[in-house]
A.B. asks: 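Provided herewith is a single structure, encoded as structure tokens, for subsequent inquiry.
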Amino acid sequence: MGFLNNKTKNAAAQAVNARSAEIEFLNSPSTRHVNDNAANVFSAFVFIIVFALVAVIGYLIAGAMNIWVLCIGFALATIAIFTVHIASQWERDVILRLGAFNRMAGPGPYFTIPFIEHVALKADLRTMLTGFSAEEILTSDLVPVNVDAAIFWMIWDAEKACMEVENYYDAVSMASQTALRDAIGRNSLSDVTVHRDKLDQELRDKIEEKTSPWGISIISVEIRDIVIPKELQNTMAAAAKAEREKDARIVLAEVEKDVAAMLHDATEIYRDDEIAFKLRQMHLVNQSLRESGGSLVVPSSYAEGFVEKATGATPPTQQ
């Protein structure tokens with residue numbers, strides 16, 4: 001029995017890890033520093049161009065390619081790659097001068113003072129996606145649930161994102177998980193499963209309250225999946241079925257009450273008007289005959305009774 005319990009727990013843990021890996025696979029790249037490939041390729045291109053130009057000019061001046069020309073070309077090319085930079089359209093580079101913030105640069109090419117200024121951070125201003133999850137969260141009615149969610153956010157102030165937080169990407173992820181746990185703990189299971197829009201807005205406001213000082217704006221938060229333990233799903237299904245049966249019985253009782261009230265009103269009408277009662281009888285007989293396809297012979301005295309009741313006159317006596 002213990003072996004089966006451990007096996008079940010291991011299977012559940014593997015399922016949780018698989019869900020976490022799946023949602024984290026959708027994450028946008030982490031914080032981008034100065035190791036962007038496009039910038040490296042551009043720096044290599046600048047190095048080659050400057051070195052080639054210096055070598056050609058030195059050869060034309062000295063009349064020969066010597067070690068001094070090569071050294072000067074290498075030195076100037078090295079200085080060039082620390083001077084000329086490039087930023088993509090969606091990037092903003094934070095420039096520090098002697099360790100202090102100086103300016104923002106980009107997009108496109110820009111220049112820095114070698115060995116005095118350096119690029120501290122390349123901030124991506126596009127909308128970013130972060131998937132996060134929380135396992136075994138207790139709702140306000142003490143039901144454990146596993147929740148997967150996704151958050152869409154973007155940087156609106158690259159300077160704050162660089163200066164106010166060490167790693168804004170991880171900070172957003174951790175703030176989201178904390179806010180998710182707090183929000184789930186304050187709501188019941190029915191609120192979490194039914195009112196997802198309200199929960200999404202609550203999470204967005206809570207996360208943005210933390211990330212706004214970092215220059216980060218939260219666009220939206222979306223709950224992707226809510227998983228309830230298997231042993232509770234059967235119980236909740238039985239409770240929901242019983243609730244539906246209760247509602248059906250209540251509706252049936254209300255219908256029977258309305259029908260009884262209408263029959264009572266009809267009884268009062270038939271009691272006061274005998275002709276209406278006879279017309280109802282004829283209608284029922286006609287309906288039954290039409291459905292069965294039969295025929296009925298009605299004596300003339302039956303119709304004379306209607307005339308007597310309608311005019312109030314006595315029928316003529318036969319001589």
Side-chain angles (χ1 to χ4, degrees), residues 24 27-130 151-175 210-219:
E24 291 176 358
N27 291 353
S28 300
S30 187
T31 307
R32 301 192 176 192
H33 296 282
V34 292
N35 56 354
D36 187 82
N37 291 331
N40 293 335
V41 172
F42 179 77
S43 297
F45 175 76
V46 170
F47 181 89
I48 294 173
I49 293 298
V50 172
F51 182 82
L53 288 176
V54 173
V56 170
I57 294 174
Y59 178 80
L60 294 177
I61 294 176
M65 186 65 66
N66 53 42
I67 188 62
W68 295 106
V69 173
L70 296 177
C71 291
I72 293 174
F74 182 83
L76 293 179
T78 303
I79 293 175
I81 63 175
F82 285 103
T83 303
V84 184
H85 307 273
I86 190 172
S88 301
Q89 180 66 37
W90 56 84
E91 290 179 339
R92 297 298 181 270
D93 294 356
V94 180
I95 308 300
L96 300 183
R97 177 177 295 176
L98 297 178
F101 175 78
N102 181 259
R103 67 186 185 278
M104 302 295 302
Y110 61 91
F111 302 92
T112 59
I113 302 174
F115 312 110
I116 295 178
E117 295 179 345
H118 72 277
V119 179
L121 177 70
K122 286 182 174 289
D124 194 329
L125 302 187
R126 295 174 295 182
T127 300
M128 306 293 286
L129 168 63
T130 299
I151 179 174
F152 296 88
W153 54 278
M154 65 182 300
I155 297 175
W156 57 270
D157 191 332
E159 177 184 353
K160 289 184 177 180
C162 178
M163 302 299 175
E164 301 296 333
V165 61
E166 190 273 333
N167 189 324
Y168 61 83
Y169 189 92
D170 292 341
V172 170
S173 178
M174 293 302 298
K210 296 180 180 179
T211 61
S212 182
W214 306 336
I216 296 174
S217 177
I218 306 301
I219 299 175

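Along the sequence shown, residues carry numbers from 1.
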A.B. asks: For Val54 and Gly73, which heavy atoms make the closest approach, and how far apart are they?
C.D. replies: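 Residues Val54 and Gly73, closest heavy atoms: CG1-CA, 3.3 Å.
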A.B. asks: Rounded at 0.5 Å granularity, tell me how far OG in Ser217 sits from CG in Asp157.
C.D. replies: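 Going from the OG atom of Ser217 to the CG atom of Asp157 covers 11.5 Å.
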A.B. asks: What are the two closest non-hydrogen atoms of Ser173 and Thr130, and how far apart are they?
C.D. replies: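 For Ser173 and Thr130, the tightest heavy-atom pair comes out as CB-CG2, 4.0 Å.
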A.B. asks: Any chance you could lay out the side-chain contact (heavy atoms from CB on, under 4.5 Å) test for Ile116 and Arg97, step after step, and finish with the verdict?
C.D. replies: CA-CA 6 Å; Ile116 295 178; Arg97 177 177 295 176; 3.8 Å; yes
A.B. asks: Looking only at heavy atoms, what is the nearest atom pair of Ile86 and Lys122, with distance?
C.D. replies: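 Smallest interatomic distance, heavy atoms only, reads O-NZ, 3.4 Å.
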A.B. asks: State the CG-OG distance between Asp93 and Ser88, to the nearest 0.5 angstrom.
C.D. replies: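 Asp93 CG to Ser88 OG: 8.5 Å, rounded to 0.5 Å.
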A.B. asks: Return the CD to CG distance between Glu159 and Leu121, rounded to the nearest 0.5 Å.
C.D. replies: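 Spacing of CD (Glu159) from CG (Leu121) equals 11.5 Å.
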A.B. asks: Side chains of Val69 and Tyr59, heavy atoms from C-beta outward: is any pair under 4.5 Å?
C.D. replies: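 No, side chains not in contact.
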A.B. asks: Would you please indicate if the ring centroids of Phe74 and Phe51 are separated by under 6.0 Å?
C.D. replies: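 For Phe74 and Phe51, the ring centres are not under 6.0 Å apart.
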A.B. asks: Around atom CZ of Phe42, are there more than 12 heavy atoms from other residues, nucleotides or ligands closer than 6.0 Å?
C.D. replies: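 Above 12, so yes.
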A.B. asks: Set out, in order, the CA-CA distance, both residues' side-chain angles and the distance that settles side-chain contact (heavy atoms from CB on, under 4.5 Å) for Trp214 and Glu164, then state yes or no.
C.D. replies: CA-CA 6 Å; Trp214 306 336; Glu164 301 296 333; 4.1 Å; yes
A.B. asks: With side-chain contact (heavy atoms from CB on, under 4.5 Å) as the test, would you mind laying out the steps for Ile216 and Met154 before giving the verdict?
C.D. replies: CA-CA 6 Å; Ile216 296 174; Met154 65 182 300; over 6 Å; no
A.B. asks: State, to 0.1 Å, how close Ala87 and Gly106 come at their nearest heavy-atom pair, and which atoms those are.
C.D. replies: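 Looking at all heavy atoms of both residues, the closest pair is CB-CA, 3.9 Å.
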A.B. asks: Calculate, to the nearest 0.5 Å, the distance between atoms CD1 and CD1 belonging to Ile57 and Ile72 respectively.
C.D. replies: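 The distance works out to 11.5 Å.
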A.B. asks: After noting the C-alpha distance and the side-chain angles of Val119 and Ile95, does the key distance pass the side-chain contact (heavy atoms from CB on, under 4.5 Å) rule?
C.D. replies: CA-CA 5 Å; Val119 179; Ile95 308 300; 3.8 Å; yes
A.B. asks: Heavy-atom count around Phe101 CZ within 6.0 Å, excluding the residue itself: above 12?
C.D. replies: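 Enclosed.
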A.B. asks: Testing the basics here: between Ala123 and Ile155, what is the closest heavy-atom pair and its distance to 0.1 Å?
C.D. replies: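 Heavy atoms only, the tightest pair is CB-CD1, 4.2 Å.
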A.B. asks: Would you please test Thr112 and His85 for side chain to side chain donor-acceptor pair (under 3.5 Å) and show each step?
C.D. replies: CA-CA 8 Å; Thr112 59; His85 307 273; 2.8 Å; yes
A.B. asks: To the nearest 0.5 Å, what is the distance between OG1 on Thr83 and OH on Tyr110?
C.D. replies: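 Going from the OG1 atom of Thr83 to the OH atom of Tyr110 covers 11.5 Å.
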A.B. asks: Considering only NZ, NE, NH1 and NH2 on the basic side and carboxylate oxygens on the acidic side, decide whether Glu117 and Arg103 come within less than 4.0 Å.
C.D. replies: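 The answer is yes: the pair qualifies as a salt bridge.
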A.B. asks: Can you tell me how far apart CG (Asn102) and CD1 (Ile113) are? Round to the nearest 0.5 Å.
C.D. replies: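 These two atoms lie 8.0 Å from each other.
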A.B. asks: How close do Ser212 and Trp156 get, counting heavy atoms only, and between which atoms?
C.D. replies: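 For Ser212 and Trp156, the tightest heavy-atom pair comes out as O-CZ2, 3.7 Å.
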A.B. asks: Considering only heavy atoms from C-beta outward, does the side chain of Met163 approach that of Val94 to under 4.5 Å?
C.D. replies: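 Yes. Closest side-chain heavy atoms under 4.5 Å.
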A.B. asks: Quick one, Glu91 and Leu125 - any side-chain contact, counting heavy atoms below 4.5 Å?
C.D. replies: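 Heavy-atom side-chain distance check fails, nothing below 4.5 Å.
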A.B. asks: Does one side chain, of Trp153 or Thr127, offer a donor that lies under 3.5 Å from an acceptor on the other?
C.D. replies: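 No donor-acceptor contact under 3.5 Å links the two side chains.
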